[in-house]
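A short write-up of the structure that comes next.
We count ligands from 1, going down the list as the structure has it; atoms in each ligand are counted the same way. When a residue number appears, it is its place in the shown sequence, counting from 1. FYI, side chains are in, hydrogens and waters are out, and symmetry mates aren't considered; it's all heavy atoms of this structure.
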Amino acid sequence: MAIISNCTASIIKDAAIALKQGHLVAFPTETVYGLGADATNKKAVARIYDVKGRPKDHPLIVHISSMELMDKWASEIPEYAIKLARNFWPGPMTLVVKRTDLAKDFITGGQDTVAIRVPSHTLANQLLEEFESLGGYGVAAPSANRFGKVSPTTSEAVEEELGNLLSQSDQILNGGQSQIGIESTIIDCASNIPRILRPGSITLEMVENLLDIKVGELDSLNLERKVPGSLEAHYSPNANVLLNSEFIQGNGFIALEEIPTPTGAIRLGSPKDNDEYARVLYGALRLADSKGIRTVNVIPPVKQGIGLAINNRLLKASNLKSLNVQDQN
Ligand code: TXA
Ligand code: MG
């Protein structure tokens, strides 16, 4: 599967046509690369699950070009959700709302809610606009990696993950490196108060400041109804990820630039600040695998702002390894 670079208007139009015909198109967003399919096409969406090796009850995010199209997918949109959409879209935020009949079980995993996002990456937005001008309603797109693995932040990483699983009619569009580098903040808006289901670069503080209300606890929602994906291990390279652990010669090492490399370590990432940490993290974890490094020591940033989301991903990356070890035993 060849990567398509230099994405001109006519190339983007062809990609929208491919989507409309039921093919898969991997495309860049500001968070990570997505693997797109027509969100109303059952067969096309089934291929996403096949290619990713993803369990069927794990729902997908529907991507649209502007919040005007939200009504097509959402049957109820609380005032606070409209405020969030107005402020943070287009951008790295996903809203979970009660669904309309357009959002079928094959998108929502059988839930009565649907996740919606308006991405800000120019190429993504142009692709969605073209798709909608052809009569499309939205593009379902999970991160373009095999289930449980590290999300891709470049088109090369998509090719590496999924290239041999895609067909000749599918496409991978190149739009450079994803600027944020970790997945969107997911906010549940299907109750009277918002709750953050997945932290991201739109932070808890940003949401609370905007809405002037206290965001709800996740635990209380888990009691109310099932929250898919919230408890699963994820984002894992082949290498073991150890957080704040003892260092052994030959291990990979990721930490803020100000933290010196331990003797004998292979430095994989040295971001200057937390934003850069998010941007380079997945690439650094991939680099460990491409260098055949078995163990990566990571010093996470403080759990503040986007640092919270980075810690969330690192914890899941390290958890999956310990689960795998147990599975193998
Ligand atoms: O940044 C992103 O969100 C990227 C880009 C491509 O947009 N997409 C992404 O999709 O991360 P994915 O499928 O890898 O992760 C989506 C998460 C899953 O954990 C899923 O369980 C959750 O969104 N989700 C989807 N629909 C949901 C719903 N109705 N209720 C609760 N969670 C939902
Ligand atoms: Mg994902």
Give the numbers and elements of all ligand 1 atoms closer than 4.0 Å to a heavy atom of [X].
X	value
I186	17 (C), 22 (C), 23 (O)
I61	3 (O), 8 (N), 9 (C), 10 (O), 16 (C)
R198	2 (C), 3 (O), 9 (C), 11 (O), 15 (O), 16 (C), 17 (C)
T113	28 (C), 29 (N), 30 (N)

- Message: Would T108 count as a contact residue for ligand 1, given that I'm defining contact as a non-hydrogen atom of the residue lying under 4.0 Å from a ligand atom?
- Response: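 No.
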- Query: Under 4.0 angstrom from ligand 1, any heavy atom of H58?
  - Reply: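 Under 4.0 Å: yes for H58.
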- Query: Is it true that some N/O/S atom of S143, main chain or side chain, lies under 2.8 Å from the Mg ion (ligand 2)?
  - Reply: yes
- Taking all heavy atoms of I213 and all of E208, pick out the closest pair and write down the distance.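 Nearest pair, atom of I213 first, then E208: O-CG, 3.4 Å.
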I'd like to know if the side chain of [X] pairs up with that of [Y] as donor and acceptor (distance under 3.5 Å, no hydrogens or angles considered).
X	Y	value
R279	S178	no
K20	N41	no
R267	T261	yes
T94	R198	no
N125	T122	no
T153	R286	no

- Of the listed options R54, K52, H63, closest to atom 7 (O) of ligand 1 (non-hydrogen atoms): H63
- Task: Give the single entry among S184, G34, A141, A190 that approaches atom 8 (N) of ligand 1 most closely by any heavy atom.
- Result: A141
- Just wondering, do S184 and V32 contact through their side chains at under 4.5 Å, heavy atoms? no
- Quick look: Q111 vs ligand 1, heavy-atom contacts under 4.0 Å, and the answer is neither
- Message: For the 3.5 Å polar cut-off, considering only N or O atoms, please tell me whether R117 and ligand 1 meet it.
- Response: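 Right, the criterion is met.
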